[in-house]
Engineer: 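Here's a structure for you.
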Amino acid sequence: MIGPRALSIRLSTLTGRDVASDASAGEGRPTDDRLSTVDSYVRTVGRRLRGPVGTRRELMRELADGLDDATEAHVRSGLPVAAAQARAVRECGPVDALVAAYQPELAASQGRRTSMLLALLMPGLVLLWDVPWMFAGAWNAPAPRAVLVLSDVITYTGLAAGGCALLALAFFVAGARLRWSVAKLTGAVGLLGVVVLALTLTCSAAMAVLNPGDTVAVFAWSWIGLLVEAVTIVATGSMTLSLIRSLRLAFGRVPAEGVRSASAVAP
């Protein structure tokens, strides 16, 4: 199976140019009609891919630039424009194979994003939730023993999740070199996040039930509590969205719509 970087090397070999460098430099693409077949192929691949938008655009720009260069090389060798495009697309391979080659890179990108969010936000929220108790207020009355135990559970869970997320980031770097299954690693990060969030929310709800007076006083009537609550909602929403995306990439199926082979888009 051809990988994204191997594809760049293949196209560079055909054209004598550095495809990745051209893509990152943002070289303009020709605007004549020779791009019709190439555009159809690139758009078909792009529609089939799932993952972070920025990474997907970068991969498709690199693919399009490489195909343009390959087309120009074949035209210089004497092929008509249409035939040059068709050959460039065929050399790139079937759409299914290309999607399968690109998808792990997209899964790794999403997994890294989710890991970074967990590594930053979970320990950060643990520290943030202690801030209201640094201010004088009615909520500073001694809490029931069960509430203190639940608070410790939340604290240790958040710190442990941050540590595991940092470890996952290291595995993503090592996995790129050792050819580990990044999809499984992305799925593991997603499952970890779901468990951590579920446990944290459950313990928080139990604390509110066991100590309703302090909960209302700090999170409903104090400005610092409302600020902490707002930040918590935003952070939790960001993590939840990233977790959902990671789980969908790890355990979902890539849509089978659109063109399945290079020959189907080549005239």
Engineer: Taking C-beta and beyond as the side chain, do Val131 and Leu227 meet within less than 4.5 Å on heavy atoms?
Structural biologist: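 The answer is no; the side chains never approach within 4.5 Å.
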Engineer: Take Trp129 and Thr232, measure what side chain to side chain donor-acceptor pair (under 3.5 Å) needs, and give me the verdict at the end.
Structural biologist: CA-CA 9 Å; Trp129 293 330; Thr232 299; 2.9 Å; yes
Engineer: Would you say the side-chain atoms of Thr202 pair up with the backbone N or O of Ala198, donor to acceptor, closer than 3.5 Å?
Structural biologist: yes
Engineer: Using a 4.5 Å cut-off on heavy atoms from C-beta on, say whether the side chain of Met239 contacts that of Val196.
Structural biologist: no
Engineer: Hydrophobic cluster membership, with links at side-chain heavy-atom distances under 4.5 Å among I/L/V/M/F/W/Y: are Leu121 and Leu128 in one?
Structural biologist: yes
Engineer: For a quick test of reading the model, state the closest non-hydrogen atom pair linking Gln110 to Ser246 and the distance between them.
Structural biologist: CG-OG, 3.5 Å
Engineer: Any side-chain heavy atom of Thr240 within less than 4.5 Å of one from Leu197?
Structural biologist: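 A side-chain contact under 4.5 Å exists here.
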Engineer: Roughly how far, to the nearest 0.5 Å, is CE of Met116 from CZ of Arg112?
Structural biologist: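 Reported value, rounded in 0.5 Å steps: 7.5 Å.
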Engineer: Please say yes or no: joined through hydrophobic side-chain contacts below 4.5 Å, possibly via intermediate residues, are Val231 and Trp223 part of one cluster?
Structural biologist: yes
Engineer: Shortest non-hydrogen contact from Leu249 to Ala107?
Structural biologist: CD1-CA, 4.0 Å
Engineer: First locate atom OG1 of Thr200, then atom CG of Leu125, and finally report the distance between them rounded to the nearest 0.5 Å.
Structural biologist: 9.0 Å
Engineer: Verify, without hydrogens or angle tests, whether Ser77 (side chain) and His74 (backbone) share a donor-acceptor contact under 3.5 angstrom.
Structural biologist: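 Checked: pair present.
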Engineer: Taking the side chain as every heavy atom from C-beta outward, state whether Thr71 and Thr37 have any pair of such atoms under 4.5 Å apart.
Structural biologist: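 Sidechains of Thr37 and Thr71: no contact.
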Engineer: I'd like to check Arg113 versus Thr55 (side-chain heavy atoms, cut-off strictly below 4.5 Å). Are they in contact?
Structural biologist: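 In contact.
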Engineer: I need the minimum non-hydrogen distance between Ala250 and Ala183, along with the two atoms involved.
Structural biologist: CB-O, 3.3 Å
Engineer: Tell me whether Leu159 shares a hydrophobic cluster with Leu117, the cluster being built from Ile, Leu, Val, Met, Phe, Trp, Tyr side chains joined at under 4.5 Å.
Structural biologist: no
Engineer: Looking only at non-hydrogen atoms, find the nearest pair between Gly162 and Pro123 and report the distance.
Structural biologist: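 Scanning both residues, the minimum pair turns out to be CA-CG, 3.8 Å.
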Engineer: Within the structure provided, determine whether Arg48 and Tyr102 are in side-chain contact (heavy-atom separation under 4.5 Å).
Structural biologist: no
Engineer: Under 4.5 Å between any side-chain heavy atoms of Arg56 and Leu106, yes or no?
Structural biologist: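 Yes, at least one pair of side-chain atoms sits under 4.5 Å.
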Engineer: Is it possible for you to say whether Met60 and Val38 belong to one hydrophobic cluster, with membership spreading through side-chain heavy-atom contacts below 4.5 Å?
Structural biologist: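 In one cluster: yes.
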Engineer: Under the side-chain contact (heavy atoms from CB on, under 4.5 Å) rule, what do Leu150 and Leu210 come out as? Steps first, then yes or no, please.
Structural biologist: CA-CA 10 Å; Leu150 290 171; Leu210 292 172; 3.9 Å; yes
Engineer: Are any side-chain N or O atoms of Ser151 and backbone N or O atoms of Val147, one a donor and one an acceptor, separated by less than 3.5 Å?
Structural biologist: no
Engineer: Taking Ser242 for the side chain and Ser238 for the main chain, is one N or O donor matched with an acceptor at less than 3.5 Å?
Structural biologist: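 Side chain of Ser242 to backbone of Ser238, a donor-acceptor pair under 3.5 Å: no, none is there.
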Engineer: Would you say the side chain of Leu118 lies within less than 4.5 Å of the side chain of Val189, judging by non-hydrogen atoms?
Structural biologist: yes
Engineer: Nearest 0.5 Å, what's the OG-CD distance between Ser109 and Glu58?
Structural biologist: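 If we round to the nearest 0.5 Å, Ser109:OG and Glu58:CD are 9.0 Å apart.
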Engineer: Heavy atoms only: give me the nearest Thr114-Leu243 pair and the separation to one decimal.
Structural biologist: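 Closest approach of Thr114 to Leu243, heavy atoms only: CG2-CD2, 3.6 Å.
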Engineer: So which atom in Tyr41 and which in Cys92 form the shortest heavy-atom distance, rounded to 0.1 Å?
Structural biologist: OH-CB, 3.6 Å
Engineer: Out of curiosity, does Leu169 fall in the hydrophobic cluster containing Leu185 (side-chain heavy atoms, cut-off under 4.5 Å, transitive links)?
Structural biologist: no
Engineer: Tell me whether Arg43 at atom CZ has more than 12 heavy atoms from other residues, nucleotides or ligands lying less than 6.0 Å away.
Structural biologist: no
